[in-house]
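Everything on this sheet refers to the single structure shown next.
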Amino acid sequence: MKSKTGTGRKLNNLYQSLLKTYGPQGWWPLINKKNLKCEYKGKKKLTDREKFEIAAGAVLTQNTNWYPNAVSALQRLVCGRVTGINAKINFPKNRNHLTPLTIARLTMPRLQQLIQPAGFFRQKALYLKALADFFLQNKTLSRNSLLEVKGIGMETADSILLYAFHRPFFIIDAYTRRILSTVGISSAETKYNDLQKLFTANLYPEAELFKEFHALLVKHGKLHYSQKPYGQNDKLLKRL
DNA sequence: AGCCAGGCTACCG
DNA sequence: CGGTAGCATGGC
């Protein structure tokens, strides 16, 4: 904790309580190219392709369930076919097709077909094309350069920066908004960048902490902040 | 059956 | 500037 202010203390208590309650969440999981299982590989250094997979996953899960929607789309991109793991033709085994170059070369109808289970597939196909171009152009990575990419807003940009590139940008999602305003740390009108500042100004900017904290907020949010009235059955937050 | 999901863009007043 | 319709699939 940087400060012993009310906000800093509350955020620290919140993090510790969430971690104790739920344990480490294992974000961000990747698709295993051999069996197409979605699993966390630990804190190993990510390859460039894995960074791209995380960025693509961040786009595919926009306003969409990770399981099974975004994951099935990712699996289909990895194996390059729509039929899942049972078909065994056309594509080499153990090969991962979820790369910037492959996405860039795919036709739009084909890309749309592959990512259909993720929903919003026509929009997201465009977004993935733009994302692939961004990676292929080797542009300088920054929040602003990401925000120029079609389909990448603040939350997706911060997700990519944090989980793919290990940079300490705190992610503000719908659950985090609801939880913070319920705790009384913020209000419903507080803007994204101001909410983000609450975390970065009161926590040490360590990427690992930010990753775990955000994943825990989502876990807790799914349980108690999915349906109104939000936080009705939330015991944890009452003792901060 | 309806509501919800790890949002973003485009357009409106 | 803030507010919102539209985007689409799958699970509960």
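Chain letters run A, B, ... following the sequence lines, proteins first, then strands; residues in each count from 1.
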For B:dA1 versus C:dC7, give the span between their P atoms, rounded off to a whole number of Å.
23 Å
Can you check the distance between C:dG10 and B:dC8, where both ends of the measurement are the P atom (answer in whole Å)?
22 Å
Any non-hydrogen side-chain atom of A:R81 less than 4.5 Å from a side-chain atom of A:R76?
no
DNA chain B base-pair string [pairs: Watson-Crick or G-U under 3.5 Å; |: paired with another strand]
.||||.|||||||
Would the distance check show the side chain of A:Q196 and the main-chain N or O of A:F170 forming a donor-acceptor pair, the cut-off being under 3.5 Å?
yes
A:K228 or A:Q62: which one's nearest nucleotide on DNA chain B is closer to the 5' end?
A:K228
Can you tell me if A:S159 and A:T156 form a side-chain donor-acceptor pair at under 3.5 Å?
no
Checking A:D158 against A:Y192: is there a side-chain donor and acceptor pair closer than 3.5 Å?
yes
Given atom CZ of A:F120 and atom C1' of B:dC8, what is their separation to the nearest angstrom?
9 Å
Atom pair CG (A:L77) and CG (A:L128), whose distance is rounded to the nearest 0.5 Å
7.0 Å
Please check if atom CD in A:Q137 has more than 12 non-hydrogen atoms from other residues, nucleotides or ligands closer than 6.0 Å.
yes
Using a 6.0 Å distance limit plus a 45 degree cone around the ring axis, check whether A:R178 lies over the aromatic ring of A:Y230.
yes
Boundaries of the DNA chain C segment in contact with chain A, non-hydrogen, under 4.0 Å:
C:dG2 to C:dG11
